[in-house]
Amino acid sequence: MQETTSQRVIRVIAENQRIPVDTIQPGSTFQELNIDSLDGLHILFALEEEFDIDIPDDAGKEFTSIQQAIAGVETLLARKQSAASASDPA
């Protein structure tokens with residue numbers, strides 16, 4: 001079974017922070033999960049690696065909840081996909 005983007009983001013954050021996946025909900029905030037700004041940077045790097053995307057620094061600073069991280073990753077994945085299909089000669 002294929003993981004959804006949400007599940008992958010949550011799994012990456014759980015692994016990165018060494019917390020159980022089932023304690024993280026899409027509505028969880030980084031503050032509730034005791035994720036500070038340095039932890040947030042590590043999470044951004046891990047998400048970039050997991051999804052093979054580049055997260056701009058300013059966009060990463062806006063992530064304060066799991067839902068924002070999921071939405072940000074989905075936006076960047078959509079941009080990457082549309083750029084790939086635009087450059088793909090049909």
Side-chain angles (χ1 to χ4, degrees):
M1 185 168 99
Q2 182 102 9
E3 276 185 305
T4 66
T5 302
S6 298
Q7 290 168 326
R8 286 173 69 191
V9 168
I10 289 171
R11 177 179 48 76
V12 166
I13 292 171
E15 289 171 357
N16 191 276
Q17 295 301 297
R18 295 178 177 80
I19 53 179
V21 170
D22 57 5
T23 63
I24 302 175
Q25 301 300 318
S28 301
T29 66
F30 284 6
Q31 185 175 7
E32 290 169 346
L33 298 170
N34 294 318
I35 297 172
D36 63 23
S37 57
L38 184 59
D39 292 332
L41 278 176
H42 291 291
I43 289 168
L44 290 182
F45 295 140
L47 289 172
E48 287 179 330
E49 193 172 309
E50 172 74 17
F51 292 97
D52 190 28
I53 56 174
D54 290 318
I55 301 172
D57 290 343
D58 57 337
K61 290 176 187 160
E62 294 173 13
F63 295 174
T64 59
S65 72
I66 304 303
Q67 190 58 53
Q68 287 174 329
I70 292 167
V73 167
E74 288 175 339
T75 298
L76 291 168
L77 286 172
R79 259 190 229 150
K80 180 181 171 181
Q81 197 169 24
S82 68
S85 61
S87 66
D88 189 22

Colleague: If every non-hydrogen atom of A69 is compared with every non-hydrogen atom of F30, which pair is closest and at what distance?
Modeller: CB-CZ, 4.5 Å
Colleague: To the nearest 0.5 Å, tell me how far L41 CG sits from I35 CD1.
Modeller: 12.0 Å
Colleague: For the atom pair CG (D54) and CG (L76), what is the distance rounded to the nearest 0.5 Å?
Modeller: 8.5 Å
Colleague: Is the shortest heavy-atom distance from the side chain of F63 to the side chain of I43 under 4.5 Å?
Modeller: no
Colleague: Could you tell me which non-hydrogen atom of H42 sits nearest to which non-hydrogen atom of N16, and how far apart they are?
Modeller: O-ND2, 3.5 Å
Colleague: Identify the heavy atoms of A14 and P20 that sit nearest to each other, and give their distance.
Modeller: CB-C, 4.4 Å
Colleague: How many angstroms lie between CD in Q68 and OG1 in T75, if you round to the nearest 0.5 Å?
Modeller: 11.5 Å
Colleague: Supply the atom-to-atom distance I10 CD1 to Q67 CD, rounded to the nearest 0.5 angstrom.
Modeller: 8.5 Å
Colleague: Test R79 against I53 for side chain to side chain contact (heavy atoms under 4.5 Å, CB included), laying out the working first.
Modeller: CA-CA 10 Å; R79 259 190 229 150; I53 56 174; over 6 Å; no
Colleague: Out of curiosity, I19 CD1 to I24 CD1, how far, rounded to the nearest 0.5 Å?
Modeller: 3.5 Å
Colleague: Report yes or no: does Q17 contribute a side-chain atom to a donor-acceptor pair with the main-chain N or O of I13 at less than 3.5 Å?
Modeller: no
Colleague: Please tell me if the side chains of S6 and I66 come closer than 4.5 Å, counting only heavy atoms from C-beta onward.
Modeller: no
Colleague: Please name all residues satisfying side chain to side chain contact (heavy atoms under 4.5 Å, CB included) with R8, sequence neighbours left out, ordered by chain then number.
Modeller: E3, R11, E50, F51
Colleague: Please check if atom CG in D57 has more than 12 non-hydrogen atoms from other residues, nucleotides or ligands closer than 6.0 Å.
Modeller: no
Colleague: With a 4.5 Å cut-off on side-chain heavy atoms, are V9 and L47 touching?
Modeller: yes
